[in-house]
Asks: 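Got a structure for you, questions after.
One-based numbering along the sequence shown. Just so it is clear, the model here is predicted, and its values are computed rather than measured.
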Amino acid sequence: MTNVDHEGWSRVKGRLRAEVGDDVYSSWFARMDLEAIEEGTVRLSVPTRFLKSWIQSHYAERVLACWQAEQTQVGRIELTVRSAVLRTAIAKPKPELEAGVIEGLRLNGNGRTLPADDPGAHEALGGSPLDARLTFESFVVGRSNTLAQAAAKQVASGKRGDAVMFNPLYIHAGVGLGKTHLLQAITWTGNATGERKVLYLTAEKFMYGFVSALRTQTALAFKEALRGIGVLVIDDLQFLQGKSTQAEFCHTLNALIDAGRQVVIASDRPPSDLESLDDRVRSRLAGGLVVEMGALGEELRLEILKSRVMAARSHHPSFDVPLPVLGYIAKTVTHNGRDLEGALNRLLAHNKLTGHAVTLEMAEREVRDLIRPQEPKRVKIEDIQRVVARQYNVSRSDLLSSRRTANVVRPRQVAMYLAKTLTLRSLPEIGRRFGGRDHTTVLHAVRKIEGLVGNDMALAEEIEILKRQLQE
Ligand code: ADP
Ligand code: MG
């Protein structure tokens, strides 16, 4: 440590201010402090990583030049973040980056995550890590996600300067149905083509990284930072909380959309159900394309499993899962894509660790706890009663009553039959829910209808329609 030359430092600042102008100066340099000068190295500090990386990528040479104009012996500048314990940074001047600070992540040939040339910048803005497996290639398209996938692809293939088709693109779905997968696929694709920089953020990162980084900057800095983003992707928007964060979000959303930048959002609910957001934001969110992804159907689950096995085999060539086992998993494991993955991982682990081939029996044992608790889709007895009553034009209380006229008896039997086949309720429980009847009465009704549908086409069809209504 040696003499910190305060006077020299003020002159350097004066030079810098004169060169970049007051606005830029106060945005970026106002809080830069001199820490020390040692053997030709000037150590400067700033309060945030964002500032550090911005200055490093945009102004490093200029700052050095200003120093050298004052003190010729200065050979390098070292920039640190105050209050962090520091192992320090690049002093080598960097070439100017293009337009913005956000450098996104790039794919290399192996498809691994590679930090961009200035990882600090990406990190500072809170870019969330990406999973290299979540690409369009590995995304299986089925009935429930065709539209979402097509829209995502469209967005991902957008070129710089193209008119933006749907903005924002808002995808919502329950947990484990592929939202993050699609969003990361957009990010990989966009950054691989290099057409538009894509910044992928979870709502949490948005709150704690991006927003706080921006908050410490001025409006000018904010605009400058946004200029670099072609596509902003925000995952799990339902977690966005807090009035001021929402204000920042709103500000960012408006700024990007107005500037013709693409915004993509995923959430577990539609915009109208984001209760904590104010009306203007909600309507802005709903103003682009809102797409829902439904539950993964059995067919789609099977396809996902098959593609997963293929992928696993590239690392574990001996891993083989017979089709009946895949069929079993697709049929029984929950609709959540994560559980499908978990089920396969267990089979793989078991197979690797014990050397035993994967069999149906092994699968049944290994995935027992991932099996859907209610199969088929959870249908409520009330719903059955309501739908059946409507279909046969009787009231729900008729169904529960002890009346035995033909126009009530048949619907009642149908409803009990549906309760038995569509729910996991026991016969006594169903009896209780139908006006306190005995379980033998329910059993009789179930047998009766089972017998009838074999011969009575009209009834069989009626029941199919009811089932479909209830399982929709
Ligand atoms: P979400 O973000 O909606 O909760 P994810 O995108 O994290 O769900 O998906 C959960 C898991 O299921 C991931 O491993 C994902 O790759 C997989 N998955 C979901 N949908 C699909 C699909 N259509 N094709 C391939 N994998 C899928
Ligand atoms: Mg997710």
Asks: Yes or no on side chain to side chain contact (heavy atoms under 4.5 Å, CB included) for K467 and T421, after CA distance, side-chain angles and deciding distance?
Replies: CA-CA 10 Å; K467 275 191 183 169; T421 49; 4.2 Å; yes
Asks: Quick check: does any side chain N or O of R196 sit under 3.5 Å from a backbone N or O of R160, one acting as donor and the other as acceptor?
Replies: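 Not at all, since once roles are kept as given, no pair shorter than 3.5 Å links the two residues.
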Asks: Taking all heavy atoms of A363 and all of V325, pick out the closest pair and write down the distance.
Replies: CB-CG1, 3.6 Å
Asks: Using a distance-only test with no angle check, is there a side-chain donor-acceptor pair under 3.5 angstrom linking D235 and Y200?
Replies: yes
Asks: Compare all side-chain heavy atoms of M416 with those of K420 and state whether any distance is below 4.5 angstrom.
Replies: no
Asks: Looking at R301 and D339, does any basic side-chain N land under 4.0 Å from a carboxylate oxygen?
Replies: no
Asks: L452 versus R410: any side-chain heavy-atom pair under 4.5 Å?
Replies: yes
Asks: Give me the atom names and distance for the closest heavy-atom approach of F139 to G178.
Replies: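 Minimum heavy-atom separation between F139 and G178: CE1-O, 3.8 Å.
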Asks: How many angstroms lie between atom CZ of R432 and atom CZ of R425, to the nearest 0.5 angstrom?
Replies: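 Between atom CZ of R432 and atom CZ of R425 there are 10.0 Å.
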Asks: Do you know the tightest heavy-atom contact between A148 and V291?
Replies: N-CG1, 3.7 Å
Asks: Above 12 or not: heavy atoms from other molecules or residues under 6.0 Å from CD of E450?
Replies: yes
Asks: Give a yes or no on this: more than 12 heavy atoms of other residues, nucleotides or ligands lie within 6.0 Å of atom CZ of R280.
Replies: no
Asks: State the CG-CG distance between D273 and D268, to the nearest 0.5 angstrom.
Replies: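 Between D273 CG and D268 CG, I get 9.0 Å after rounding to 0.5 Å.
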Asks: Has Q385 got a side-chain atom pairing as donor or acceptor with R433's backbone, closer than 3.5 angstrom?
Replies: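 Pair found, side chain donor or acceptor close to backbone of R433.
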Asks: Looking at V388 and P411, what are the two nearest heavy atoms and their distance?
Replies: CG1-O, 3.5 Å
Asks: State, with a plain yes or no, whether a side-chain heavy atom of L360 is found less than 4.5 Å away from one of Y328.
Replies: yes
Asks: Decide if atom CD of E382 counts as having more than 12 heavy atoms of other residues, nucleotides or ligands within a radius under 6.0 Å.
Replies: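 More than 12 within 6.0 Å, yes.
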Asks: Consider only side-chain N and O atoms of H181 and S138, and report whether a donor and an acceptor are under 3.5 Å apart.
Replies: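 There is such a pair between these side chains.
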Asks: Can you find a pair of side-chain heavy atoms, one from L302 and one from E298, that are under 4.5 Å apart?
Replies: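 No - every pair of side-chain heavy atoms lies 4.5 Å or more apart.
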Asks: Do M293 and I171 make a side-chain contact, defined as non-hydrogen atoms from C-beta onward lying under 4.5 Å apart?
Replies: yes
Asks: Output yes when a side-chain donor or acceptor of E303 lies under 3.5 Å from a complementary backbone atom of V140, and no otherwise.
Replies: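 Pair absent, no side-chain N/O of E303 close to backbone of V140.
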Asks: What's the spacing between H172 NE2 and Q238 CD if we round to 0.5 Å?
Replies: 12.0 Å
Asks: What's the separation between atom CG in L253 and atom CG in N167, rounded to the nearest 0.5 Å?
Replies: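 CG of N167 is found 8.0 Å from CG of L253.
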Asks: Which heavy atom of D398 sits nearest a heavy atom of V394, and at what distance?
Replies: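 Between these two residues, the closest heavy atoms are OD2-CB, 3.9 Å.
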Asks: List the steps, then state whether side chain to side chain contact (heavy atoms under 4.5 Å, CB included) holds for F434 with I381.
Replies: CA-CA 9 Å; F434 277 83; I381 290 184; 4.1 Å; yes
Asks: I'd like to check I229 versus K197 (side-chain heavy atoms, cut-off strictly below 4.5 Å). Are they in contact?
Replies: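 A side-chain contact under 4.5 Å is absent here.
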Asks: Can you tell me if K352 has over 12 outside heavy atoms packed within less than 6.0 Å of its NZ?
Replies: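 Atom NZ in K352 is packed in, count exceeds 12.
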Asks: Would you give the length of the straight line joining atom CG of L422 to atom OH of Y417, rounded to the nearest 0.5 angstrom?
Replies: 8.0 Å
Asks: Looking at R386 and R396, would you say the former's side chain and the latter's main chain have a donor-acceptor pair under 3.5 Å?
Replies: no
Asks: Within the 4.5 Å heavy-atom criterion, are V387 and L418 side-chain neighbours or not?
Replies: no
Asks: Is the number of heavy atoms from other residues, nucleotides or ligands under 6.0 Å of R143 CZ greater than 12?
Replies: no
Asks: For V198, does its backbone N or O pair with a side-chain atom of N191 as donor and acceptor, under 3.5 Å?
Replies: yes
Asks: Just distance, no hydrogens or angles: give the donor-acceptor pairs under 3.5 Å from side chains in residues 312-323, sequence neighbours left out.
Replies:
from, atom 1, to, atom 2, distance (Å)
R313, NH1, D320, OD1, 3.3
S314, OG, A311, O, 2.7

Asks: Please report the closest heavy-atom contact between V141 and N145, naming both atoms and the distance.
Replies: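 Smallest interatomic distance, heavy atoms only, reads CA-OD1, 3.4 Å.
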Asks: So V290 and L285, side chain to side chain contact (heavy atoms under 4.5 Å, CB included) or not? Walk me through it.
Replies: CA-CA 8 Å; V290 177; L285 288 174; over 6 Å; no
Asks: Can you tell me how far apart CD1 (I186) and CD (Q262) are? Round to the nearest 0.5 Å.
Replies: 7.5 Å
Asks: Can you find a pair of side-chain heavy atoms, one from I257 and one from P168, that are under 4.5 Å apart?
Replies: yes
Asks: Counting neighbours of CG on N393 that are heavy atoms of other residues, nucleotides or ligands and sit closer than 6.0 Å, is the number greater than 12?
Replies: no
Asks: If only atom types and distance count, is the side chain of K179 paired as donor or acceptor with the main-chain N or O of I265 below 3.5 Å?
Replies: no
Asks: Which class fits the ring pair H350 and H356: parallel under 30°, tilted 30 to 60°, perpendicular over 60°?
Replies: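 Taking H356 first and then H350, their aromatic rings sit tilted (interplane angle of 30° to 60°).
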Asks: Any donor and acceptor pair, going by atom type alone, linking the side chain of R284 with main-chain N or O of C250 inside 3.5 Å?
Replies: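 No; judged by distance alone, with no hydrogens or angles, the pair does not exist.
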Asks: Are more than 12 heavy atoms, taken from residues, nucleotides or ligands other than Q469, located less than 6.0 Å from that residue's CD atom?
Replies: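 Yes, because the 6.0 Å sphere around CD of Q469 holds more than 12 heavy atoms from other groups.
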Asks: Stepwise, does the side chain to side chain contact (heavy atoms under 4.5 Å, CB included) test hold for L326 with K306?
Replies: CA-CA 7 Å; L326 292 180; K306 284 185 189 162; 3.9 Å; yes
